Amino acid sequence: MNILLTGGTGYIASHTAVVLIKEGHKVVLFDNLANSDISVLDRLEKILNKKISFIEGDVLDSELLSKTLKEHKIDAVIHFAGLKAVGESVENPLHYYENNVGGSISLIKAMQKNGIKKIVFSSSCTVYGEPQYLPLDESHPTNPINPYGFTKLFAENILHDLSISDPTWSIAVLRYFNPVGAHESGLIGESPKGIPNNLMPFIAKVATGELKSLKVFGNDYKTRDGTCERDYIHVMDLAEGHLAGLNFLEDHKGWYAINLGTGQSTTVLELLQAFEKINHVKIPYEIVGRRKGDAPACYAKPSYANKILDWKTKRSIELMCESSWKWESSHSI
Ligand code: NAD
Ligand code: UD1
């Protein structure tokens with residue numbers, strides 16, 4: 001298949017590109033480089049030993065998208081492009097709605113114009129909001145607690161309404177839990193701009209010495225060790241989940257919301273200790289107050305994905321920590 005990856009030079013898309021190309025698909029990356037670097041392209045070409053098509057552009061530019069879809073004879077799209085910083089979405093909600101919701105509409109219109117009706121959408125477990133029960137299954141009510149979460153839910157709903165108005169669309173909405181880790185080569189990985197908000201990239205930067213110590217946000221939760229539990233998923237498992245999603249859409253029409261997680265929960269301290277042990281490094285930390293909006297625990301029931309996508313995560317927490325460190329230590333020291 002010819003597959004367009006919007007947000008193609010980003011963290012999750014670049015790893016997915018590796019999996020898709022290795023499987024024999026032709027991939028076109030489309031990105032405005034708002035949160036990624038063009039050097040990702042060289043690195044991907046090194047991993048794959050192949051030239052990769054890249055178009056610098058904004059998903060809000062429906063004309064350019066339409067031209068790209070036509071010229072590259074695209075069969076399916078994976079829509080990764082989006083802004084994802086929760087705090088920034090609270091400060092600048094309009095920008096987030098315009099980019100994430102407006103961008104999705106612009107893409108869908110371009111696809112419609114070209115008769116392309118197969119799409120995988122990057123959604124998030126954040127659409128569930130504060131868990132009412134655990135593990136989270138796909139029937140859990142959706143109730144985002146910040147503008148970023150709403151942009152994901154609105155885009156999901158737009159795709160849902162579209163599938164009702166035109167049942168010939170094939171749509172997989174993938175709700176990721178906490179993607180971490182990097183490709184085994186250490187050539188691509190997550191590189192947030194500025195000080196990371198998220199746990200794994202923060203730990204990795206403490207390990208390099210770039211940041212002094214980790215602030216653990218609260219140890220008074222009702223969890224195993226008092227710190228928050230999350231469902232960390234290796235980005236390569238996630239990438240394989242996209243391939244499985246595309247395969248599923250080959251012979252399924254309609255709209256499907258699917259959790260991509262491991263079903264295992266790991267606390268902040270457990271992740272920190274796993275990172276120290278596997279990488280033989282010390283991560284200084286201090287316990288500080290809770291972060292506003294954090295749920296004590298959040299993890300998936302992944303059985304729907306296991307069943308309908310015939311997909312399962314394979315990689316351990318240790319491998320997530322090892323690959324994150326390999327990536328961080330090779331590009332920042
Ligand atoms: P990322 O920032 O590394 O990748 C997103 C890419 O989209 C970036 O390269 C950015 O430049 C590009 N982009 C943003 N707006 C664009 C626009 N208007 N036009 C063209 N390109 C644009 O983030 P990621 O972690 O790879 O996330 C990919 C997707 O998965 C996002 O939609 C994100 O919301 C979603 N998601 C991520 C996580 C996570 O924790 N990483 C969790 C759940 C869902
Ligand atoms: C983040 C996103 C959420 C997204 C989810 C999945 C935020 C605020 N939320 O949530 O929208 O859907 O990832 O990828 O970015 N922690 C520390 N110290 C730190 C950083 C984090 O103790 O410096 C703790 C947090 O309190 C949390 C855990 O580590 O308990 C994981 O945090 P993070 O990596 O930010 O992920 P989420 O909060 O799950």
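Counting convention: from 1, in listed order, for ligands and their atoms alike. Everything numeric here is computed off the predicted structure, so don't read it as measured data.
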State, without any angle test, whether Y232 and T262 hold a side-chain donor-acceptor pair at a distance under 3.5 Å. no
Distance only, no hydrogens: is a donor on one side chain within 3.5 Å (strictly under) of an acceptor on the other, for Y128 and N259? yes
Can you tell me which portion of E190 lies within the under-4.0 Å heavy-atom range of ligand 1? Options are side chain, backbone, both, or neither. neither
Using a strict cut-off of 4.0 Å, indicate which atoms of ligand 2 neighbour a heavy atom of [X].
X	result
Y148	11 (O)
P179	14 (O)
N178	6 (C), 13 (O), 14 (O), 36 (O), 37 (P), 39 (O)
V216	22 (O)
N197	20 (C), 35 (O)
R230	27 (C), 30 (O), 31 (C), 37 (P), 38 (O), 39 (O)
C228	30 (O)

To which of [options] does the heavy atom nearest [atom] belong?
atom	options	answer
atom 29 (C) of ligand 1	Y11, F80, F30, Y96	F80
atom 28 (C) of ligand 2	Y285, Y221, F177, Y232	Y232
atom 38 (C) of ligand 1	A155, P179, S14, A13	P179
atom 15 (N) of ligand 1	T126, N99, V127	N99
atom 21 (C) of ligand 2	N219, D294, L199	L199
atom 17 (C) of ligand 2	F217, F202, Y176	F217
atom 18 (N) of ligand 2	E88, K152, K215, E229	K215

Would a 4.5 Å heavy-atom cut-off, applied to side chains only, mark [X] and [Y] as touching?
X	Y	answer
F177	R230	no
M111	H79	no
L4	L65	yes
L243	H25	yes
N219	L269	no
L238	T16	no

Is the closest heavy-atom distance from G57 to ligand 1 below 4.0 Å?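 For ligand 1, residue contact (heavy atoms, under 4.0 Å) with G57 is present.
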Which residue and heavy atom of the protein sit nearest [atom], plus the separation:
atom	value
atom 10 (C) of ligand 1	D31 OD1, 3.4 Å
atom 25 (O) of ligand 1	K84 NZ, 2.8 Å
atom 33 (C) of ligand 1	Y148 OH, 3.7 Å
atom 19 (N) of ligand 1	V59 N, 3.0 Å
atom 4 (O) of ligand 1	G10 CA, 3.4 Å
atom 22 (C) of ligand 1	N32 OD1, 3.1 Å
atom 26 (O) of ligand 1	I12 N, 2.8 Å
atom 5 (C) of ligand 1	G82 O, 3.8 Å

Test of proximity, [X] against ligand 1: N or O pairs below 3.5 Å:
X	answer
S123	no
Y176	no
A34	yes
S36	yes

If you take the centroid of each ring, where Trp contributes its six-membered ring, are Y176 and H242 closer together than 6.0 Å?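 Ring centres of Y176 and H242 closer than 6.0 Å.
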Between S324 and M320 (side chain of the first, backbone of the second, donor and acceptor by atom type, cut-off under 3.5 Å), is there such a pair? yes
Distance-only, no hydrogens or angles: does the H72 side chain make a donor-acceptor pair with backbone N or O of I74 under 3.5 Å?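 Not a single qualifying donor-acceptor pair exists.
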Which atoms of ligand 1 sit under 4.0 Å from any heavy atom of [X]?
X	answer
S124	43 (C), 44 (C)
S122	29 (C), 30 (O), 32 (O), 35 (C)
L33	11 (O)
G7	6 (C), 7 (O), 12 (C)

With heavy atoms under 4.0 Å as the rule, classify the contact between T227 and ligand 2 as side chain, backbone, both or neither. neither
Between H183 and R43, is a side chain to side chain contact (heavy atoms under 4.5 Å, CB included) present by the stated rule, with each step listed? CA-CA 11 Å; H183 186 256; R43 291 161 175 272; over 6 Å; no
Quick one: do [X] and [Y] make a salt bridge, cutoff under 4.0 Å?
X	Y	result
E250	K118	yes
K67	D61	no
E88	K193	no

Name the residue from T9, T6, D58 that meets the side chain to side chain donor-acceptor pair (under 3.5 Å) definition with N32.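 Result: among T9, T6, D58, D58 is the only option passing the side chain to side chain donor-acceptor pair (under 3.5 Å) with N32.
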Using the side chain to side chain contact (heavy atoms under 4.5 Å, CB included) rule, take E156 and L153 through it: C-alpha gap first, then chi angles, then the decisive distance, then the call. CA-CA 5 Å; E156 283 196 4; L153 186 59; 4.0 Å; yes
Does E63 have more than 12 heavy atoms from other residues, nucleotides or ligands lying within 6.0 Å of its CD?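 Atom CD in E63 is not packed in, count stays at 12 or less.
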